[in-house]
Amino acid sequence: MKLGFITSILQDESFEETIDFAAKHGFSCVEMACWPKGKAERRYAGVTHIDVDDLNDEKAAYIQNYCRERNVEISSLAFYPNTLDPDPEKREAVVGHLLKVIRASAKLKVGMVTTFIGRVENASVEENLKVVQQVWPQILKTAKECGVRIAIENCPMLFGPEQWPGGQNLFTSPENWKKIFDILPDENLGINYDPSHFVWQMMDYIQPIYDFKDKIFHVHIKDIKLYPEKLQRVGTMAYPLEYMSPKLPGLGDVNWGKYISALTDIGYDGYVCLEIEDKAFEKTKKDVYTSLLQSKRYIENYLMDFSAAL
């Protein structure tokens with residue numbers, strides 16, 4: 001497995017500075033943030049390390065060479081919007097940008113895009129599945145034409161009142177995964193697997209690795225700390241951030257030994273990217289760097305490649 005990080009945590013760094021940091025500290029890859037330029041609509045979004053709006057052949061060659069010379073791969077181009085936004089203009093805009101990201105992934109010879117399936121947050125699962133059938137065939141058609149795989153992360157995108165009640169991503173559980181794969185039987189559609197979201201939903205995050213082994217295209221490493229005393233007070237119907245908090249790996253409730261063991265059982269040997277969202281490590285830029293390096297050191301206990309030393 002190749003260890004890297006999603007670059008949105010380095011929001012103030014340029015593309016070159018981000019790749020240089022990864023190379024200096026021994027990361028094998030980066031999941032490159034590709035939001036449209038402009039104001040972020042939420043934390044850890046709105047970061048543009050590759051601007052797909054003006055990616056011509058010359059710029060693509062520059063990016064490829066810069067990464068190659070520093071021995072850092074791009075695992076995926078990342079853009080995580082709500083592709084099913086109920087506002088027609090917003091939906092058209094985010095889908096249009098996602099299509100640009102897909103084409104850019106092909107031009108850069110990355111071959112992967114990581115994103116969300118989206119959700120109409122005030123509609124039922126059944127109603128949302130109908131919207132998925134309307135919106136996603138066009139996206140997958142473009143992905144197939146470009147030879148790009150789409151890996152959907154399983155974050156519910158439900159944190160506080162701004163996403164209430166249903167969240168902004170339908171791809172939240174193995175049950176919903178199956179329903180979506182049944183209506184979108186496309187070999188280019190798969191999973192960007194993040195175990196942390198199962199923790200606060202109080203679901204098993206190990207068995208689905210085996211059940212969906214052929215659909216796991218990309219992996220996120222993020223931890224979640226569940227606070228039982230808070231949960232007892234507010235209950236599961238509360239806003240999730242009232243009883244849980246994202247943490248660095250090893251500081252939350254994910255059993256990383258069991259998780260990585262299951263990935264090795266299914267023969268997963270792809271990209272594994274740290275997703276840093278721990279507020280305890282955001283006070284200074286040094287804290288942000290520390291969060292990446294501390295997470296890398298912890299996860300390398302399970303992933304480190306010793307082949308160069310043998």
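Computed from a prediction, not measured in an experiment: that's the story for all the values here.
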Quick check: are there more than 12 heavy atoms from other residues, nucleotides or ligands sitting under 6.0 Å from [atom1] of [X]?
X	atom1	value
N71	CG	no
R297	CZ	no
K179	NZ	yes

Looking only at atom types and distance, does a side-chain atom of [X] sit under 3.5 Å from a main-chain N or O of [Y], one as donor and one as acceptor?
X	Y	answer
D253	L226	yes
T115	F79	yes
D223	V254	yes
N301	Y298	yes
K215	L189	yes
Y205	N255	yes
Q11	S8	no
D287	T284	yes
D194	N154	no

Exercise for the section: Evaluate the salt bridge (charged side-chain N to carboxylate O under 4.0 Å, His left out) criterion for residues D53 and K37: first the C-alpha distance (whole Å), next the side-chain angles of each, then the deciding distance (0.1 Å), finally the verdict. Expected result: CA-CA 9 Å; D53 285 325; K37 283 194 170 180; over 6 Å; no
Practice task
Give the C-alpha distance, both sets of side-chain angles, the deciding distance and a yes or no for side-chain hydrogen bond (donor to acceptor under 3.5 Å, both in side chains) between E121 and Q168.
Solution key: CA-CA 6 Å; E121 60 196 68; Q168 296 177 346; 3.2 Å; yes
Do [X] and [Y] have side-chain heavy atoms sitting under 4.5 Å apart?
X	Y	result
I150	I102	yes
C34	T48	no
M157	N82	no
S295	I276	yes
L55	L108	yes
F198	D204	no
I260	I299	no

Exercise for the section: Assess whether salt bridge (charged side-chain N to carboxylate O under 4.0 Å, His left out) is satisfied between K178 and D182, documenting all intermediate values. Expected result: CA-CA 6 Å; K178 184 178 185 306; D182 283 346; 3.0 Å; yes
Practice task
Evaluate the criterion salt bridge (charged side-chain N to carboxylate O under 4.0 Å, His left out) for residue pair E300 and K296; output intermediate values, then yes/no.
Solution key: CA-CA 6 Å; E300 279 180 335; K296 178 177 184 287; 2.5 Å; yes
Problem - Separation of M237 CE from W164 CH2 (nearest 0.5 Å) - result: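 It comes to 5.5 Å.
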Practice task
Given side-chain contact (heavy atoms from CB on, under 4.5 Å), test I209 with D265 step by step and report yes or no.
Solution key: CA-CA 9 Å; I209 294 174; D265 283 347; over 6 Å; no
Exercise for the section: Measure up the H25 and F21 rings against each other and bin them: parallel (under 30°), tilted (30 to 60°), perpendicular (over 60°). Expected result: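 H25 vs F21 ring planes: tilted.
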Exercise for the section: For I191 and I152, run side-chain contact (heavy atoms from CB on, under 4.5 Å): C-alpha distance rounded to whole Å, both residues' side-chain angles, the deciding distance at 0.1 Å, then the answer. Expected result: CA-CA 5 Å; I191 302 166; I152 307 294; over 6 Å; no
Residues in side chain to side chain contact (heavy atoms under 4.5 Å, CB included) with [X], at least two apart?
X	value
E13	L10, E17, T18, K285, Y289
Q133	I183
Y227	K225, E229, K230, S245

Output yes when [X] and [Y] qualify as a salt bridge under the 4.0 Å nitrogen-oxygen rule, no when they do not.
X	Y	answer
D54	K59	yes
E126	K130	no
K144	D186	no
D269	K2	no

Exercise for the section: Verify side-chain contact (heavy atoms from CB on, under 4.5 Å) between I19 and M32, making sure each step is shown before the conclusion. Expected result: CA-CA 10 Å; I19 296 299; M32 193 63 69; 3.7 Å; yes
Handout entry: Pairs meeting criterion side chain to side chain donor-acceptor pair (under 3.5 Å) with involvement of residues 87-99, two or more places apart
Key =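 Counting only pairs at least two positions apart or across chains, no side chain to side chain donor-acceptor pair (under 3.5 Å) contact touches residues 87-99.
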Exercise for the section: Report the C-alpha distance between E162 and Y239 in whole Å, list the side-chain angles of each, state the deciding distance to 0.1 Å, and finish with yes or no for side-chain hydrogen bond (donor to acceptor under 3.5 Å, both in side chains). Expected result: CA-CA 10 Å; E162 62 273 18; Y239 302 131; over 6 Å; no
Handout entry: Pairing residues for D12 by the salt bridge (Lys or Arg N to Asp or Glu O under 4.0 Å) criterion, not counting sequence neighbours
Key =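 Partners of D12 by the salt bridge (Lys or Arg N to Asp or Glu O under 4.0 Å) criterion come out as none, since no residue qualifies.
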Practice task
Go through the structure and list residues passing salt bridge (Lys or Arg N to Asp or Glu O under 4.0 Å) with E153, not counting sequence neighbours.
Solution key: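 Residues passing salt bridge (Lys or Arg N to Asp or Glu O under 4.0 Å) with E153: none at all.
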[X]-[Y] aromatic ring centre distance below 6.0 Å:
X	Y	value
F5	F27	yes
F171	F181	yes
Y193	W177	yes

Between [X] and [Y], does any side-chain donor sit less than 3.5 Å from a side-chain acceptor?
X	Y	value
N65	E69	no
S75	H218	yes
T7	H49	yes
S173	Q201	no
E127	S124	yes
T83	W136	yes
E73	Y271	yes

Handout entry: Path from L158 to M244 over hydrophobic side-chain contacts below 4.5 Å
Key =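 Not linked; separate clusters.
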Problem - From CA spacing to verdict: side-chain contact (heavy atoms from CB on, under 4.5 Å), L231, W200 - result: CA-CA 10 Å; L231 182 59; W200 68 265; over 6 Å; no
Exercise for the section: Is it possible for you to check whether R68 lies under 6.0 Å from the centre of the six-membered ring of Y66, through NZ or CZ, and within 45° of that ring's axis? Expected result: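 Here R68 fails the 6.0 Å and 45° test against Y66.
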Practice task
Can you see which heavy atom on S105 is nearest to which on L77, and at what distance?
Solution key: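 That would be N-CD1, 3.4 Å.
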Practice task
Please test N192 against Y80 for side-chain hydrogen bond (donor to acceptor under 3.5 Å, both in side chains), starting from the C-alpha separation and ending with a verdict.
Solution key: CA-CA 12 Å; N192 182 16; Y80 293 93; 3.0 Å; yes
